[in-house]
Amino acid sequence: MTQLSAAQNGASGSTSGPAGGGKTLYGGKGTRRITVRDIAAAKERGEKWPMLTAYDATTASVFDEAGIPVMLVGDSAGNCHLGYETTVPVTLDEMTMLSAAVVRGTSRALIVADLPFGSYQEGPVQALRSATRLVKEAGVGAVKLEGGERSHRQIELLVESGIPVMAHIGLTPQSVNAMGYRVQGRGEEAAQQLLRDAKAVQDAGAFAVVLELVPAELAGEVTRVLQIPTVGIGAGAATDAQVLVWTDMLGLTGGRVPKFVKQYADLRAVMRGAAEAFAEDVVSGTFPEESHSVH
Ligand SMILES: Nc1nc(=O)c2c([nH]1)NC[C@@H]1CN(c3ccc(C(=O)N[C@@H](CCC(=O)O)C(=O)O)cc3)CN21
Ligand SMILES: CC(C)C(=O)C(=O)O
Ligand SMILES: [Mg+2]
C-alpha cells in the first residue's frame, strides 16, 4: 500500500485529536488526513463546512492547498470531465482511475468517491465488491451512493465491512431516465418520503447525507432531525455543509449550469484568452523569445 492510501485509510498517523491536526475542518492548520470522525465532530460543534468535486490530481491539489476538507470524486465527472451527456454511462474503472488521481494530489482532504450507476444496484454484495475497489485501488476514505430507503441494505453492508458511506437523496441524477432533473420533496407526501429516506440512511450507518435540489425549509427540517451532517446542493442555507461541482463554481462548465450554482471565477474566459494569446504569439513569431530558447 502506498503511504497516501495508508493515510487515507487512517492506518498511519494519529486518528484522534482535532481535524487534520487543527481545530476546525476548514481553516485548521493540521496536515493529517481528515477522517469521518472529524466530520461527526464538526456537527457537534455546529460548524459548517465546504465540499467540492475534483476529478484530477492537479485541481485537487489546489483545493487541498485552499483547505477544502472534503472532496468528492463525483460521477459528475461523466458530464464535467469525460464528455458524456449525463452521469449514467460512467464506469467503475473510470471512477477508480479518477479517484486514484485525486488521492495522489491531496494530503489533507477526506476523499469520497461516487459509486457509479450499475455498480451497486444489484445488491449489497455488488456494492461491497465495487466499493472495495475504490478503497483498495484508489485509496479513497469513503464512498457515496444514491438512494434512501431503497439503498439501505447496501449502506449497511459497506459500513459493517469498514467502508464509510455518504448517502445521497432528493434528486438522484443516476435516475434521470426515470425522474428527470426535478425538485424533490415538494408537497406533504414527497416531504414525508424524503424524511423517511434521511432516517433510513442514518439508521443504516451513513456518516453524512447529500440533499440535492430539495426545498430549503425541508432541508432545514432534515438537518435538525438527523444526528449526521447534511450536505446541501440546491437545498438552501440550513444544511451542515455545501457542495458544488468545481467546474460550475469556477465558470468552466460549457453550456447551462443549474440555478443553485454561484460562480466564483470565469476560468473559461481566462483559459480561452490564454489559448488565443499563445496561438497569436506562435502565428506572429512572438513566441518563443530568446529566453525560452536553449543553445
Ligand atoms: N455540471 C453539473 N453540475 C451539477 O450540479 C451536476 C452535474 N453536472 N451532473 C450531476 C448532477 C446533476 N445535477 C443537476 C442537473 C440538472 C439540474 C437542473 O436542470 N435543475 C433546474 C431546476 C429544475 C427544477 O426547478 O425543477 C435548474 O434550472 O437549476 C439540477 C441538478 C447536479 N449535478
Ligand atoms: C452533485 C454531487 C453531490 C454529485 O453527486 C456529483 O458531483 O456527482
Ligand atoms: Mg454524483
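Counting starts at 1 for both ligands and their atoms, in listed order.
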Asn79 heavy atoms within 4.0 Å reach ligand 1 at atoms 1 (N), 2 (C), 7 (C), 8 (N), 9 (N)
Asp114-ligand 2 polar pair, N/O distance under 3.5 Å = yes
> Do the ring planes of Phe63 and Trp246 sit parallel (below 30°), tilted (30 to 60°) or perpendicular (above 60°)?
Replying inline: perpendicular
Per-atom filter on ligand 1: closer than 4.0 angstrom to a heavy atom of Pro173 are 11 (C), 12 (C)
- prompt: Is the closest side-chain heavy-atom distance between Pro116 and Glu94 below 4.5 Å?
  reply: no
Q. Is any side-chain heavy atom of Val103 less than 4.5 Å from a side-chain heavy atom of Arg33?
A. yes
Cluster link Tyr120 to Val125, ILVMFWY, side chain under 4.5 Å: no
Are Val231 and Val225 co-members of a hydrophobic cluster defined by side-chain heavy atoms under 4.5 Å apart? no
CG of Leu72 to CG of Leu244, rounded to nearest 0.5 Å, is 11.5 Å
Near Glu212 (heavy-atom distance under 4.0 Å), the atoms of ligand 1 are 11 (C), 12 (C), 13 (N), 14 (C), 31 (C), 32 (C), 33 (N)
When rounded to the nearest 0.5 Å, the distance separating OH of Tyr181 from OG1 of Thr86 is 5.5 Å
- pair Thr35-Asp38: side-chain heavy atoms closer than 4.5 Å: yes
- Message: If the cut-off is 2.8 Å, does any N/O/S atom of Asp75 fall short of it from the Mg ion (ligand 3)?
- Response: yes
Of Val245, Thr53, Val257, Thr86, the residue with the heavy atom nearest atom 6 (C) of ligand 1 is Val245
for atom 7 (O) of ligand 2, nearest protein heavy atom and its distance come out as Ser76 OG, 2.6 Å
Q.
Any nitrogen or oxygen of Lys144 lying under 3.5 Å from a nitrogen or oxygen in ligand 2? Just yes or no.
A. yes
Note: Thr53, heavy atoms under 4.0 Å from ligand 2, region reported as side chain
### Query
Do the side chain of Gln174 and the main chain of Leu115 share a donor and acceptor less than 3.5 angstrom apart?
yes
So for Val231 against ligand 2, with non-hydrogen atoms under 4.0 Å, the contacting part is neither
The Mg ion (ligand 3) -> Asp114, closest N, O or S atom is OD2
Of Arg256, Lys259, Arg182, the residue with the heavy atom nearest atom 28 (O) of ligand 1 is Arg256
Sub-4.0 Å heavy-atom contact, Asp75 with ligand 1:
no
Original post:
Same hydrophobic cluster for Tyr26 and Val62, using side-chain heavy-atom links shorter than 4.5 Å among ILVMFWY?
Top reply: no
- Query: Does the side chain of Glu146 come within less than 4.5 Å of Pro173's, by heavy atoms?
  - Reply: yes
For Val183, the ligand 1 atoms with a heavy-atom partner under 4.0 Å come out as 24 (C), 25 (O), 26 (O)
Among Leu213, Val176, Val261, Leu244, the residue with a heavy atom nearest to atom 22 (C) of ligand 1 is Leu213
Counting heavy atoms under 4.0 Å, the part of Leu72 that contacts ligand 2 is side chain
### Task
Determine whether Glu137 and Thr96 make a side-chain contact, defined as any pair of heavy atoms from C-beta on separated by less than 4.5 Å.
yes
Taking Arg186 for the side chain and Val183 for the main chain, is one N or O donor matched with an acceptor at less than 3.5 Å? no
Note: ligand 2 atoms sitting under 4.0 Å from heavy atoms of Ile233 are 1 (C)
Value for CZ (Arg256) from OG1 (Thr253), rounded to nearest 0.5 Å, stands at 12.0 Å
His168 heavy atoms within 4.0 Å reach ligand 2 at atoms 3 (C), 5 (O)
Ligand 1 atoms nearer than 4.0 angstrom to some heavy atom of Ile233 are 5 (O)
Judged by heavy atoms only, the candidate from Trp246, Phe260, Tyr181 nearest atom 19 (O) of ligand 1 is Tyr181
Rounding to 0.5 Å, atoms OG1 (Thr247) and CG (Leu267) come to a distance of 10.0 Å
Numbered in order shown, the ligand 1 atoms found under 4.0 Å of a heavy atom of Thr87 are 10 (C)
Note: ligand 1 atoms sitting under 4.0 Å from heavy atoms of Cys80 are 1 (N), 2 (C), 8 (N)
Filtering Leu252, Asp248, Thr253 for the heavy atom nearest atom 1 (N) of ligand 1 leaves Asp248
Are any of the N/O atoms in Tyr55 less than 3.5 Å from those in ligand 2? no
A student checking ligand 2 against Gly74 at a 4.0 Å heavy-atom cut-off should list atoms 6 (C), 7 (O), 8 (O)
